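Data block below; observations after.
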2 protein chains.
Amino acid sequence: MQQAVVPDEEVSVAPLSTARLADQAYEQLREMIVSGRFAMGTRLIEVQLAKNFGISRAPVREAMRRLVEDGLVDERPRVGYTVAEFDAAAVIDLYNVRLSLEATSIRLATRRGMATAPLRDLIDRMAAAARAGEQARVSRYELDFHAEICRASGNALIAHLFHTLEGRLLMAIALDNEGQADLQAIATEHTPLIAAIESGDEQAAAATMTGHILSTVKPLILRLGGDPGQLLVPLDHSEPA
Amino acid sequence: MQQAVVPDEEVSVAPLSTARLADQAYEQLREMIVSGRFAMGTRLIEVQLAKNFGISRAPVREAMRRLVEDGLVDERPRVGYTVAEFDAAAVIDLYNVRLSLEATSIRLATRRGMATAPLRDLIDRMAAAARAGEQARVSRYELDFHAEICRASGNALIAHLFHTLEGRLLMAIALDNEGQADLQAIATEHTPLIAAIESGDEQAAAATMTGHILSTVKPLILRLGGDPGQLLVPLDHSEPA
DNA sequence: AGTCTGTCGCCTGTCGACAGGCGACAGACG
DNA sequence: CGTCTGTCGCCTGTCGACAGGCGACAGACT
């Protein structure tokens, strides 16, 4: 017979899934879309999805609303929903926003002297996933890395917006899935960011960040037939050392 | 008897309101919130709102979802919705995001050589509204001015994000409603932006924009008891000429 | 053959009703 | 008197059903 432990002190308990059907539907649909299980342009029909999930249309509808907001689903009123299309131009738009947001994000985090231990931990996980060849896990940890900096910036709005962009970022990365296999490099490329944050030099940290982002997205845009010259570098560091 | 005109060529017809109840509820609630008709922290109860609007809960619910996304309403799952709280810290967060997004926005618009005629028109409207002392209209045209630049940037994501931020911006401005009455100045302050765009110098345009935004928000933050030193200036132009 | 028009079916938009969780209040106990 | 516990009411989360708009197809007309 197992003995229940009843501590006197408060104990932080896992959030134990909100269990809202709408949340679950959102998570699952999001996963299906960014993993490429639904081809771009595929029609998403509320009734079908509801039947597949074994739930009613209401929570599905709410999930769709959020996916539209995330840019993963296109909506035509009175007509229906389709999986969003994604091309080189969209990637450029996305990364121009990302460049400017993350430059600000790391500047704030650096200014506040954020703790870098969680970042080191994420790099370790990235490296481990890379050794295992699990690209999806590498991508997720990489986004977690950047999200952690956003959180540490102390700017809740930036953190929220980055979360909103994560879906689009995953789709952009997925566009490239048969592309590069240099997973190891991804992990190592994040180390300079930690050093930059610890240096306390905001401008340098921002330059490191923009250089890092540019180096990962330029090849992608080239492979998609886009023009990397349309990428905008915040700050005056057009070419990071 | 009026004769119907049936042109051979395609004619762009006004979108004639989508007439979705959810859209109307969203617009009305948004207006009520940003105009300060609901005090911050006020509970918003779906059933009551639905009854007041004379509609069912479904469209109200969808409107609430969007307001939450816009940051105008806070949600606590299984508990309810409240009108979002807004303080100096929130304004600083908001404007740090705005500074970085709009710097990028005007750089892109300048690079593409956007037409400035619509901007001049909006300045005229601003001035007219200012003469009439209608602060709300001034604010709206001002946001339209910036939104127009976002659209002209050619980056659909920036335009979308700016639209998302507009509600928060209106709330921030509303915080200050008993404050400054220098409405005329608002209109004239926008003229240098047009010149900067026409100059074709991206960096200069961005610097003008950040300077413009800073000059409007710094007094507001001071009045709210915040520290303007927490504002981040993109690019290296800490102090615009 | 091409174009216009009328019809049909599918899917969204909306509705009212039920179930369940959370907070508030009141009562019991130390 | 303070704290804990049980109860109650309100509001959200979810459900199934109906109405109406939009697109696709087929037929008629030029």
Side-chain angles (χ1 to χ4, degrees), chain A residues 4 6-11 13-29 33 38 41-69 72-85, chain B residues 4 6-30 33 38 41-69 72-85:
Chain A
V6 183
D8 280 17
E9 321 166 12
E10 243 179 87
V11 56
V13 148
L16 74 87
S17 69
T18 324
R20 289 199 297 180
L21 296 179
D23 291 341
Q24 299 173 235
Y26 169 72
E27 295 293 344
Q28 286 208 31
L29 284 172
I33 292 174
F38 288 140
T42 304
R43 279 200 72 175
L44 297 178
I45 294 154
E46 290 181 357
V47 198
Q48 288 182 11
L49 296 173
K51 197 186 300 180
N52 289 353
F53 284 138
I55 61 182
S56 90
R57 274 180 58 211
V60 173
R61 194 175 174 75
E62 181 175 329
M64 298 300 282
R65 178 73 36 209
R66 282 194 242 171
L67 292 167
V68 168
E69 191 61 31
L72 296 182
V73 165
D74 288 335
E75 173 194 23
R76 276 192 307 165
R78 298 261 176 208
V79 176
Y81 305 91
T82 55
V83 176
E85 311 276 354
Chain B
V6 184
D8 280 18
E9 321 169 9
E10 244 178 87
V11 57
S12 72
V13 146
L16 73 87
S17 71
T18 324
R20 290 197 299 179
L21 296 180
D23 290 341
Q24 299 172 234
Y26 169 73
E27 295 294 345
Q28 286 209 33
L29 284 171
R30 178 186 156 113
I33 292 173
F38 288 142
T42 305
R43 277 201 74 175
L44 297 178
I45 293 156
E46 290 181 356
V47 196
Q48 287 183 11
L49 296 172
K51 198 185 300 178
N52 290 352
F53 285 137
I55 60 182
S56 88
R57 276 180 57 210
V60 173
R61 195 176 173 75
E62 182 175 328
M64 299 300 283
R65 178 72 36 207
R66 281 193 243 172
L67 292 167
V68 169
E69 193 60 31
L72 296 182
V73 166
D74 288 335
E75 174 194 24
R76 276 193 307 164
R78 299 259 175 212
V79 176
Y81 304 92
T82 56
V83 176
E85 311 276 355

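Predicted model, so just to flag it, every value in this text is computed and none were measured. The figures that follow rest on heavy atoms only: side chains count, while hydrogens, waters and symmetry mates do not. Below, chains carry the letters A, B, ... as their sequence lines are ordered, and counting in each starts from 1.
- Judged as a side chain to side chain donor-acceptor pair (under 3.5 Å), the pairs with a partner in residues 47-60 of chain A (not counting sequence neighbours) are, in order, A/E46-A/R57.
- Nearest heavy atoms, A/E85 versus A/G41: OE2-CA, 3.4 Å.
- What separates CZ of B/F53 from P of C/dG13 is a distance of 19 Å, to the nearest Å.
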In 5'-to-3' order, the base (B), backbone-only (S) or no-contact (-) status of each nucleotide in nucleotides 14-26 of chain C, using a 4.0 angstrom heavy-atom cut-off, is BB-B---SS----

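- Atoms CD1 (A/I45) and P (C/dT12) sit 6 Å apart, rounded to a whole Å.
- Not counting sequence neighbours, the partners of B/I55 by the side-chain contact (heavy atoms from CB on, under 4.5 Å) test are B/L21, B/A25, B/F53, B/P59, B/V60.
- Applying the side-chain contact (heavy atoms from CB on, under 4.5 Å) test to A/E62 and every residue at least two apart in sequence or in another chain returns A/A22, A/R66, B/R61, B/R65.
- With a 3.5 Å limit on both pairing distances and Watson-Crick or G-U wobble geometry required, the stems of 3 or more pairs in DNA chain D span C:1-30 with D:1-30.
- Take B/D74 and apply the side-chain contact (heavy atoms from CB on, under 4.5 Å) test, not counting sequence neighbours, and it matches B/T82, B/A84.
- Nucleotide D/dT12 holds its P atom 9 Å from the CD atom of B/Q48, rounded to whole Å.
- Per the geometry, CZ belonging to B/R43 stands 6 Å off P belonging to D/dC11, to the nearest Å.
- Backbone-only engagement by B/L44 is indicated by non-hydrogen atom pairs under 4.0 Å involving sugar-phosphate atoms exclusively.
- Annotation: side-chain hydrogen bond (donor to acceptor under 3.5 Å, both in side chains) contacts of B/Y81 (sequence neighbours excluded): none.
- Partners of B/V79 according to the side-chain contact (heavy atoms from CB on, under 4.5 Å) rule, which considers only residues two or more places apart in sequence or in another chain, are B/R76.
- Under the 4.5 Å side-chain criterion, counting only non-hydrogen atoms from C-beta, A/I33 is in contact with A/L44.
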